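Here is the structure we will look at.
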Amino acid sequence: MKLSVPVTGRAAAAVAVAAATLFTSGSTAGAAPAPEAVAAAPDLPVANVKAHLTQFQSIAAANGGNRAHGRAGYTASLNYVKGKLDAAGFTTTVQSFTSGGRTGYNLIADWPGGDADKVVMAGSHLDSVTSGAGINDNGSGSAAVLEAALTVARTGYQPTKHLRFAWWGAEELGLVGSRYYVNNLSSANRARISGYLNFDMIGSPNPGYFVYDDDPTIEKTFKDYFTGIGVPTEIETEGDGRSDHAPFKSAGVPVGGLFTGASRAKTAAQATKWGGTSGQAFDRCYHSSCDTTSNINDTALDRNSDALAYAVWELSE
């Protein structure tokens with residue numbers, strides 16, 4: 001982000017989704033359950049998401065300790081993500097721009113098929129600050145978006161709407177990459193984006209569960225997921241306007257997203273609600289060299305990754 005109970009979870013969510021599907025489809029007792037209930041909410045294995053984070057950590061270690069804009073670590077991160085997507089059958093595009101005298105890159109991945117006039121996008125910034133590897137900020141979002149995209153391919157998902165995934169460059173310098181992308185879209189292509197979902201810091205070690213309160217439909221989709229697994233949420237305020245959803249919102253695109261907190265301290269009430277340590281930052285390693293793979297809360301990463309996938313499937317069907 002730019003500077004300025006074990007069984008209950010998935011089981012409850014699955015029951016909630018299945019119940020909603022049966023209700024809306026008018027199924028009666030004894031009828032076969034709708035198969036869409038399972039397909040609509042894929043589980044993203046947190047081990048897979050963490051494996052991507054391990055790769056980002058290794059890339060940073062081999063390239064001066066960071067994955068920042070204009071540095072070798074960023075290019076290597078982009079190549080890692082692009083390689084996975086190309087192998088999975090996505091159509092990938094690398095968009096270049098210049099900021100601070102250095103060349104930056106956005107990576108856009110389109111899944112073939114779906115209504116091109118109704119595009120659902122999920123994105124995250126791929127760059128770190130120069131002071132560290134940026135594993136929570138924002139390897140966490142980047143890894144989860146990547147695993148969601150790979151799950152689309154692995155399951156052969158063919159939604160009604162068109163799916164597009166994005167990894168932004170130079171977010172840490174002021175949302176440069178995402179702003180460049182939005183500004184270079186024609187008005188017609190901007191109008192084709194029915195929703196942009198942003199994921200920036202979703203594995204904070206002392207996590208909160210925050211949902212953007214922008215587009216009501218997107219907000220409700222995320223809240224429905226967390227209600228289904230019994231996790232209370234709050235409206236996201238700390239990073240409002242400070243991540244890559246902002247250029248989309250300014251251009252009139254419906255936006256939403258998830259966040260687990262940065263430098264702001266967790267309150268006593270929040271610690272009672274979510275666990276963790278009150279009076280301590282959600283992420284004590286925010287923009288620091290200690291933002292490594294040790295700086296991730298696996299439960300938060302797992303829940304938010306699954307919420308990401310749930311929203312992508314629900315909003316694109």
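What you see is a predicted model; the values in this text were computed from it and never measured.
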Residues that, via side-chain heavy atoms closer than 4.5 angstrom, fall in one hydrophobic cluster with Ile235: none
Ring geometry between Phe165 and Phe90 (parallel below 30°, tilted from 30 to 60°, perpendicular above 60°): perpendicular
Hphob cluster co-occupancy, Trp274 + Ile296, side-chain heavy atoms under 4.5 angstrom: yes
Student check: side-chain heavy atoms of Trp167 and Asn106 closer than 4.5 Å: no
Where at least one partner belongs to residues 126-154, residue pairs that pass ring pair (Phe, Tyr, Trp, His ring centres under 6.0 Å), sequence neighbours excluded: none
Side chain to side chain, Tyr286 and Val129, heavy atoms closer than 4.5 Å: no
Taking every non-hydrogen atom, the tightest pair across Thr292 and Ser289: CG2-O, 3.6 Å
Contact check, side chains of Ile193 and Phe248, non-hydrogen atoms, under 4.5 Å: yes
From Leu44 atom CG to Leu308 atom CG, the distance as rounded to the nearest 0.5 Å: 7.0 Å
Disulfide (SG to SG under 2.5 Å): pairs with one or both residues in residues 238-297, sequence neighbours excluded: Cys285-Cys290
Nearest-0.5 Å distance, OG of residue Ser131 to CD of residue Glu172: 8.5 Å
Considering all heavy atoms, the nearest Leu175-Gly241 contact: CD1-O, 4.0 Å
Backbone N/O of Ala311 and side chain of Thr221: donor-acceptor pair under 3.5 Å: no
NZ/NE/NH1/NH2 to OD/OE distance under 4.0 Å, Glu147 and Lys84: no
Within one Ile-Leu-Val-Met-Phe-Trp-Tyr cluster: Trp313 and Met121, side-chain cutoff 4.5 Å: no
Closest approach of Ala265 to Gln270 (non-hydrogen atoms, all atoms of both residues): O-OE1, 4.1 Å
Student check: side-chain heavy atoms of Val255 and Asp215 closer than 4.5 Å: no
Trace of the side chain to side chain contact (heavy atoms under 4.5 Å, CB included) decision for Tyr80 with Ile59: CA-CA 9 Å; Tyr80 169 75; Ile59 287 168; 4.0 Å; yes
Polar side chain donor-acceptor pair, Ser187 to Arg190, under 3.5 angstrom: no
Side chain proximity check, Gln95 to Tyr105, heavy atoms < 4.5 angstrom: no
From CA spacing to verdict: side chain to side chain contact (heavy atoms under 4.5 Å, CB included), Phe199, Asn304: CA-CA 9 Å; Phe199 304 92; Asn304 282 280; over 6 Å; no
Path from Leu146 to Trp168 over hydrophobic side-chain contacts below 4.5 Å: no
Of all pairs that satisfy disulfide (SG to SG under 2.5 Å), the ones with a partner from residues 157-221, not counting sequence neighbours: none
Stepwise side chain to side chain contact (heavy atoms under 4.5 Å, CB included) check, Asp244 with Arg179: CA-CA 8 Å; Asp244 294 297; Arg179 184 173 288 114; over 6 Å; no
Sub-4.5 Å side-chain heavy-atom contact between His52 and Val81: no
Joint cluster assignment, Val182 & Phe97, ILVMFWY side-chain distance < 4.5 Å: no
Pairs meeting criterion salt bridge (charged side-chain N to carboxylate O under 4.0 Å, His left out) with involvement of residues 268-285, two or more places apart: Glu234-Lys273
Straight-line distance of Lys50 NZ to Ser305 OG, nearest 0.5 Å: 11.5 Å
Thr93 side, atom OG1; Leu107 side, atom CG - distance, nearest 0.5 Å: 8.0 Å
Counterpart residues, salt bridge (Lys or Arg N to Asp or Glu O under 4.0 Å), relative to Glu236 (two or more places apart): none
Shortest non-hydrogen contact from Val49 toward Ala144: CG1-N, 3.9 Å
Spatial distance of atom OG (Ser243) from atom CZ (Phe259) [nearest 0.5 Å]: 8.5 Å
Leu78 CG to Tyr74 OH distance, which is reported to the nearest 0.5 Å: 5.0 Å
Selection residues 53-63 - residue pairs positive for side-chain hydrogen bond (donor to acceptor under 3.5 Å, both in side chains), sequence neighbours left out: none
Residues that Arg102 engages under side chain to side chain contact (heavy atoms under 4.5 Å, CB included), provided they are two or more places apart: His69, Arg71
Donor-acceptor contact present, side-chain Thr277 to main-chain Gln280, <3.5 Å: no
Cation-pi geometry met for Arg67 and Phe56 (6.0 Å, 45°): yes
Within one Ile-Leu-Val-Met-Phe-Trp-Tyr cluster: Ile202 and Leu150, side-chain cutoff 4.5 Å: yes
Contact check, side chains of Asp200 and Glu171, non-hydrogen atoms, under 4.5 Å: yes
Note: Asp117-Arg192 ion pair, threshold 4.0 Å (strictly below): yes
Shortest non-hydrogen separation from Thr130 to Asn66 and the atoms involved: O-ND2, 3.2 Å
Criterion side chain to side chain donor-acceptor pair (under 3.5 Å) on Ser316 and Tyr157, from CA distance to verdict: CA-CA 10 Å; Ser316 66; Tyr157 180 45; 3.0 Å; yes
Heavy-atom check, side chain of Asn48 versus side chain of Thr151, under 4.5 Å: no
Exercise: identify the closest heavy-atom pair between Ala307 and Leu258: CB-CD1, 3.7 Å
Which residues share a side chain to side chain contact (heavy atoms under 4.5 Å, CB included) with Ser186, sequence neighbours left out: Ala188, Asn189
Where at least one partner belongs to residues 77-128, residue pairs that pass disulfide (SG to SG under 2.5 Å), sequence neighbours excluded: none
Steps toward side chain to side chain contact (heavy atoms under 4.5 Å, CB included) verdict (Ser124, Ser142): CA-CA 5 Å; Ser124 58; Ser142 294; 3.3 Å; yes
side-chain hydrogen bond (donor to acceptor under 3.5 Å, both in side chains) pairs, two or more places apart, involving residues 201-214: Asn136-Ser204, Asn198-Tyr212, Ser204-Thr260, Asn206-Lys266, Tyr209-Arg303, Asp214-Lys249
Mutual orientation of the aromatic rings belonging to Phe210 and Phe282 [parallel < 30°, tilted 30-60°, perpendicular > 60°]: perpendicular
Exercise: do Thr92 and Asp86 side chains pair donor with acceptor under 3.5 Å: yes
By side chain to side chain contact (heavy atoms under 4.5 Å, CB included) - contacts of Ser278 (at least two apart): Ala268, Ala271
